[in-house]
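Here's the structure, in structure tokens; my notes come after.
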Amino acid sequence: QVQLVESGGGLVQAGDSLRLSCAASGRTFSTRAAAWFRQVPGKEREFVAVTSSSGGRTEYADSVKGRFTISRDNGKNTLYLQMNSLKPEDTAVYYCAVARSSFYFIRSLYSSSGEYDYWGQGAQVTVSS
């Protein structure tokens, strides 16, 4: 069992930066891929970024590529999302997630919320124009 707790959300202005953190419990975290998703009311949860268990491989949604950076510190059991050049359309609740044990770096899979076993409670990020 893995418990995930996000922190670092808040209200910022367009162009600002923000870093989200996701603290994980247990030893499973360091052995699984992990990701960030986001969701706005009335829409489906949207893939943002994913990293391999070691952090050596990362993939991003086109909408955030070049602005967001996903990273992890397995010694601290923590996942991060550095968000730069924020835009109003980045406003959403951001969720961290830990992948299933059988996980493949195929876009149609890693971008699907169904490939993740554990989820945090979410952190609100609001970007004003």
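All values derive from a computational prediction rather than experimental measurement. Reckoned from all heavy atoms, side chains included, excluding hydrogens, waters and symmetry mates.
- In this structure the side chain of Arg72 never reaches within 4.5 angstrom of the side chain of Tyr80, judged on heavy atoms.
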Side-chain atoms of residues 9-28: list all donor-acceptor pairs with protein atoms under 3.5 Å, sequence neighbours left out, distances to 0.1 Å.
residue: Asp16; atom: OD2; partner: Gln13; partner atom: N; Å: 3.1
residue: Ser17; atom: OG; partner: Asn84; partner atom: OD1; Å: 2.9
residue: Ser25; atom: OG; partner: Gln3; partner atom: N; Å: 3.0

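- Partner Trp119 forms a ring pair (Phe, Tyr, Trp, His ring centres under 6.0 Å) with one of Phe37, Trp36, Tyr94 and no other, that one being Phe37.
- Considering only heavy atoms from C-beta on, Arg67 stays 4.5 Å or farther from Met83 through its side chain.
- For Ser63 (side chain) and Ala61 (main-chain N/O), no donor-acceptor pair under 3.5 Å exists by modelled atom type.
- What you find for Ala35 and Ile70 is that their closest heavy atoms are CA-CD1, 4.2 Å.
- Here Ser71 contributes atom OG and Leu79 contributes atom CG; the two are 7.0 Å apart, rounded to the nearest 0.5 Å.
- Under the 4.5 Å side-chain criterion, counting only non-hydrogen atoms from C-beta, Glu59 is in contact with Arg57.
- A cation-pi arrangement is absent between Arg100 and Tyr116, since the terminal nitrogen or guanidinium carbon is not both under 6.0 Å from the aromatic centre and inside a 45° cone about the axis.
- Using a 4.5 Å heavy-atom threshold, the side chains of Val40 and Thr91 count as separate.
- No side-chain heavy atom of Val48 sits less than 4.5 Å from a side-chain heavy atom of Tyr95.
- Heavy-atom neighbours of Lys65 NZ from other residues, nucleotides or ligands within 6.0 Å: above the threshold of 12.
- In this structure, Glu44 CD and Ser113 OG are separated by 7.5 Å, a value rounded to the nearest 0.5 Å.
- Here the SG atom belonging to Cys96 is positioned 4.5 Å from the CG atom belonging to Leu4, to the nearest 0.5 angstrom.
- Interatomic distance, CZ of Arg45 versus OG of Ser111, reported as 14.5 Å (0.5 Å rounding).
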task = Mind running side-chain hydrogen bond (donor to acceptor under 3.5 Å, both in side chains) on Gln124 and Thr126 for me, showing each step along the way?
result = CA-CA 6 Å; Gln124 177 70 47; Thr126 303; 3.3 Å; yes

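- The closest side-chain heavy-atom distance from Arg38 to Asp90 is below 4.5 Å.
- Side-chain atoms of Tyr60 and Val50, non-hydrogen and from C-beta on, never get closer than 4.5 Å to each other.
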query = After noting the C-alpha distance and the side-chain angles of Val5 and Gln121, does the key distance pass the side chain to side chain contact (heavy atoms under 4.5 Å, CB included) rule?
reply = CA-CA 7 Å; Val5 179; Gln121 83 287 352; 4.3 Å; yes

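- The side-chain hydrogen bond (donor to acceptor under 3.5 Å, both in side chains) check on Ser30 picks up nothing, with sequence neighbours excluded.
- Residues Thr31 and Ser53 form no side-chain contact, since every pair of their non-hydrogen atoms from C-beta on lies 4.5 Å or further apart.
- Between the CG atom of Asn74 and the CZ atom of Arg32 there is a distance of 13.0 Å, given to the nearest 0.5 Å.
- Taking hydrophobic clusters as Ile, Leu, Val, Met, Phe, Trp and Tyr residues chained together by side-chain heavy-atom distances below 4.5 Å, Phe47 does not share a cluster with Phe68.
- Checked against ring-ring contact (aromatic ring centres under 6.0 Å, His included), Phe105 has the following partners two or more places apart in sequence or in another chain: Phe103, Tyr110.
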